[in-house]
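Reviewing the structure listed below.
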Amino acid sequence: MNIETFISEAVRQAAEALYGPLEGEELQIQKTRKEFEGDYTLVTFPLLRRSRKSPEATATEIGTYMTDNVPEIKSFNVIKGFLNLSLDGSFWAARFAEVAADASFGQAAPTGRTVMIEYSSPNTNKPLHLGHIRNNLLGYSVAQILAANGHNVIKANLVNDRGIHICKSMLAWKLYGNGETPASSGMKGDHLVGKYYVEFDKHYKAQIKELTAQGQSEEEAKKNAPIMLQAQEMLRKWEAKDPEVYSLWETMNGWVYEGFDVTYKALGVDFDKVYYESQTYLLGKSLVEEGLKKGVFYRRDDNSVWIDLTGDGLDEKLLLRGDGTSVYMTQDLGTAFRRFEDNKLDDMIYVVGNEQNYHFQVLKLVLKKLGYADWSDHITHLSYGMVELPEGKMKSREGTVVDADDLIADMVTTAREMSAELGKLEGCTAEEADAVSTMVGLGALKYFILKVDPKKTMLFDPRESIDFNGNTGPFIQYTHARIRSVLRKAAEAGIDMALPFATTEPAQPGNSARPERSATEDCQHAAETGQLLLPEEIDLIKTLSEYPAAVRSAGDNFAPSIIGAYVYELAKQFNGYYHDHSILKEENAEVRRLRLQLAAQVARVIRSGMELLGIEVPERM
RNA sequence: GGUUCCGUAGCUCAGUUGGAUAGAGCAACAGCCUUCUAAGCUGUGGGUCGAGCGUUCGAACCGCUCCGGAAUCACCA
């Protein structure tokens with residue numbers, strides 16, 4: 001049952017019985033704030049023009065009507081214009097039974113919509129860094145969240161494997177590499193190629209210096225540096241499919257992909273489709289022709305094609321070079337078009353940094369002007385903020401880039417040290433210690449990044465390692481591990497765990513493992529006899545039942561941070577409960593059973609929520 | 001200059017379509033392990049929600065104007 005719907009319908013009926021038909025926006029219902037008694041609150045101000053009474057009188061009138069007519073409403077109180085309604089314990093018991101019995105809790109029914117989400121999109125000339133980590137984690141998590149919202153999700157990666165930057169690495173390797181390979185150097189492929197990209201830049205700068213010393217202007221020197229001219233020559237050869245250049249390109253890209261695969265695997269992200277720009281960069285030209293025909297685009301004297309967007313507050317934008325070759329926009333128009341057609345997409349999401357906001361604004365506008373508004377409207381640029389260091393932006397030239405592989409390794413090492421220090425690794429095999437350190441280190445990193453609203457610029461200070469206490473991934477993982485530990489102990493002690501709502505199958509007659517009462521009856525009985533459902537337990541049930549709403553909201557807003565906040569709140573709340581109430585030592589078997597089940601459901605939802613963030617949770621830590 | 005975005009505690013961040021006395025974590029200080037894992041729990045201090053107008057019964061949230069910061073406005077991708 002959807003609780004919010006239930007409440008708002010009940011309130012609507014009460015209000016309409018008292019004041020006649022209402023408009024939609026006149027009913028404002030929200031969760032009651034912690035500091036007041038009650039579960040849900042009606043804000044009466046919008047109703048006053050109907051009731052023609054004071055806020056207090058209106059609230060009291062509706063509250064009285066509801067306690068008299070709605071069995072689930074136990075009591076109410078009025079504070080200023082706010083009507084706080086308290087639901088009966090058995091109501092929450094029934095909700096809990098529903099949650100426990102729902103094997104796919106948090107997973108929405110299929111919507112039939114197909115959504116493609118493109119993320120990662122690396123260049124093949126250097127290894128991944130912290131910025132890519134944010135991109136990958138966001139992309140993967142949003143994909144998980146959309147799947148949980150019932151969509152068919154296609155995870156796509158568009159690899160930028162061509163262009164002058166690739167040639168720079170290739171050329172530097174050819175000139176200075178002495179045949180070095182990942183195998184010969186023991187270096188990860190992407191790092192090796194990245195090394196030569198840096199090497200290129202070093203020589204390039206030296207040559208510029210030399211040329212300016214000879215009297216050339218800086219601009220001339222940049223153009224005339226021999227190494228740059230050679231790189232451009234190499235690009236031309238590549239485009240002409242020169243066998244030697246092409247083969248080198250394939251080899252070096254192969255190294256990079258091997259390296260990326262390792263990083264992706266470490267991050268726990270994957271893709272359903274990988275596109276290579278070398279195969280798509282010629283797309284989009286037919287769309288340009290179409291635009292010219294429709295008079296949306298125009299051709300300049302030098303034969304280049306443009307669109308004038310000044311009427312929309314933007315600028316004039318180039319769509320095709322004078323020599324007929326594509327630019328970024330041409331390609332993106334083409335790939336967008338092809339993807340919608342090939343995959344029958346309902347939505348297309350690009351996880352790309354906010355530095356490209358303008359590009360996507362233009363992309364959508366151009367598609368719209370071409371008459372593809374139905375697609376344009378279903379393109380979302382999931383624009384995320386940069387990750388900054390205390391001294392500002394990461395700059396590869398200044399060596400302030402935080403390398404993805406290094407960071408991951410550091411996090412795992414820190415996790416291991418911390419675990420050892422706390423004595424958590426005693427009695428563990430080496431494999432277990434590895435597995436837990438990896439889980440916790442990555443959990444800390446991922447949560448740290450995903451808990452921040454995607455669109456905000458975020459700060460990362462490499463000098464202070466990421467926290468493991470407080471609002472962190474390990475805190476949530478730890479809560480899960482503690483619950484699992486309790487459940488293990490219960491099983492070992494042979495405590496009755498065969499709870500009817502612990503399982504997905506309906507109770508079978510003759511299945512002796514199950515008690516005779518149903519879950520709901522069990523809870524209700526307990527609630528009636530006052531043995532179960534302490535206020536803290538009701539609070540936990542309330543929070544548990546909000547999980548689907550959190551999943552929905554995270555999906556609507558493409559915001560893993562909403563899941564993060566939810567799971568943290570749940571874990572925190574459970575920790576307080578755990579501290580105050582013993583589960584295994586509870587003597588009343590019925591109460592103990594419910595507490596075990598409550599703990600089990602909290603663990604389940606934590607696991608499920610963390611899965612949406614791409615974070616694993618350990619059985620012990 | 002145009003466009004887009006951001007500004008909340010010393011620091012890092014929440015704050016769901018406008019609601020009650022603005023919340024967490026870190027850092028600081030004070031407590032809690034003979035008791036299901038102390039990576040935990042409890043308490044204390046800490047705020048002109050960048051500023052000012054306006055809309056409203058009610059604004060951190062909506063509108064306008066400033067101030068401060070970021071990105072972008074390439075025949076790069």
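Every heavy atom of this structure was used, including side-chain atoms; hydrogens, water molecules and symmetry mates were not.
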Report task. Specify the separation, in whole Å, of atom CG of A:Asp308 and atom P of B:G2. Result -> 18 Å

Report task. Please measure how far the P atom in B:A30 lies from the corresponding atom in B:U21, and state the result in whole Å. Result -> 34 Å

**Report entry** Pairs touching residues 559-571 of chain A that satisfy salt bridge (Lys or Arg N to Asp or Glu O under 4.0 Å), sequence neighbours left out
**Finding:** none

Requested in this report: Determine: side-chain N/O of A:Arg482 to OP1/OP2 of B:A38, distance under 4.0 Å, yes or no.
Outcome: yes

Report summary line: Sequence neighbours excluded, the answer for side chain to side chain contact (heavy atoms under 4.5 Å, CB included) partners of A:Lys223 is none

Query raised in the report: Does the side chain of A:Arg162 get closer than 4.0 angstrom to OP1 or OP2 of B:C76 through an N or O atom?
Result: no

Query raised in the report: How does RNA chain B look in dot-bracket form if you count Watson-Crick and G-U pairs under 3.5 Å, write [ ] for pairs that cross, and put | where a base pairs with another strand?
Result: (((((((..((((.....[...)))).(((((.......))))).....(((((..]....))))))))))))....

Report task. May I ask you to test the A:Phe460-A:Leu407 pair for a side-chain heavy-atom distance under 4.5 Å? Result -> yes

Query raised in the report: Do the side-chain N or O atoms of A:Tyr478 get closer than 4.0 angstrom to the phosphate oxygens (OP1, OP2) of B:A39?
Result: yes

Query raised in the report: How many Å lie between CD on A:Glu56 and C1' on B:A20, as a whole number?
Result: 12 Å

Requested in this report: Quick one: list whatever passes salt bridge (Lys or Arg N to Asp or Glu O under 4.0 Å) with A:Arg162, sequence neighbours left out.
Outcome: A:Glu239, A:Glu277

Report task. Please list all pairs passing the side chain to side chain donor-acceptor pair (under 3.5 Å) test where one or both residues lie in residues 382-391 of chain A, with sequence neighbours left out. Result -> A:Asn135-A:Tyr384, A:Asn357-A:Ser383

Report task. State which residues pass side chain to side chain contact (heavy atoms under 4.5 Å, CB included) with A:Tyr328; sequence neighbours excluded, sorted by chain then number. Result -> A:Asp332, A:Gln356, A:His359

Query raised in the report: Can you give one letter per nucleotide of nucleotides 59-73 of chain B, going 5' to 3': B for a protein heavy atom under 4.0 Å from the base, S for sugar-phosphate only, - for none?
Result: ------------SSS

Query raised in the report: In residues 546-563 of chain A, what residues come within less than 4.0 Å of RNA chain B, judged by heavy atoms?
Result: none

Query - Interatomic distance where CG belongs to A:Leu363 and C1' belongs to B:U3 [whole Å] - result: 16 Å

Query raised in the report: Is there a side-chain polar atom (N or O) of A:Lys31 under 4.0 Å from OP1 or OP2 of B:U16?
Result: no

Query raised in the report: At under 4.0 Å between heavy atoms, what does A:Ala599 touch on the DNA or RNA strands: base, sugar-phosphate, or nothing?
Result: nothing

**Report entry** N/O (side chain, A:Lys80) to phosphate O (OP1/OP2, B:U21) under 4.0 Å
**Finding:** yes

Query - Phosphate-side-chain proximity, A:Ser485 and B:C36, N/O vs OP1/OP2 below 4.0 Å - result: no

Requested in this report: Give me the ring orientation class for A:Phe82 and A:Phe45: parallel if the planes are under 30° apart, tilted from 30 to 60°, perpendicular past 60°.
Outcome: perpendicular

Query raised in the report: Checking only heavy atoms, does the side chain of A:Lys585 share a donor-acceptor pair with the base of B:U35 at less than 3.5 Å?
Result: no

**Report entry** Any A:Lys34 side-chain N or O less than 4.0 Å from OP1/OP2 of B:A20
**Finding:** no

Query raised in the report: If you measure from the P atom in B:G23 to the same atom in B:G15, how many Å do you get, rounded?
Result: 15 Å

Query raised in the report: Counting any heavy atom closer than 4.0 Å, what does A:Gln361 reach on the DNA or RNA strands: base, sugar-phosphate only, or nothing?
Result: sugar-phosphate

Restricting to nitrogen or oxygen on both sides, can you table the protein-nucleotides 23-25 of chain B pairs closer than 3.5 Å?
residue : atom : partner  : partner atom : Å
B:G23   : OP1  : A:Arg33  : NH2          : 3.4
B:A24   : O2'  : A:Tyr568 : OH           : 3.0
B:G25   : O2'  : A:Asn471 : N            : 3.3

Query raised in the report: Which salt bridge (Lys or Arg N to Asp or Glu O under 4.0 Å) pairs, counting each pair once, include a residue from residues 468-488 of chain A, with sequence neighbours left out?
Result: A:Arg484-A:Glu619

Query raised in the report: A:Phe475 stacking on B:A39: centroids under 5.5 Å, ring planes under 30°?
Result: no

Requested in this report: Kindly say if A:Arg416 contacts the phosphate of B:A39, meaning a side-chain N or O under 4.0 Å from OP1 or OP2.
Outcome: no

Query raised in the report: Any side chain to side chain donor-acceptor pair (under 3.5 Å) pairs touching residues 458-470 of chain A, not counting sequence neighbours?
Result: none

Report task. Enter syn or anti for the glycosidic conformation of B:C5, syn applying to angles within 90° of 0. Result -> anti

Query - Partners meeting ring-ring contact (aromatic ring centres under 6.0 Å, His included) with A:Tyr40 (sequence neighbours left out) - result: none

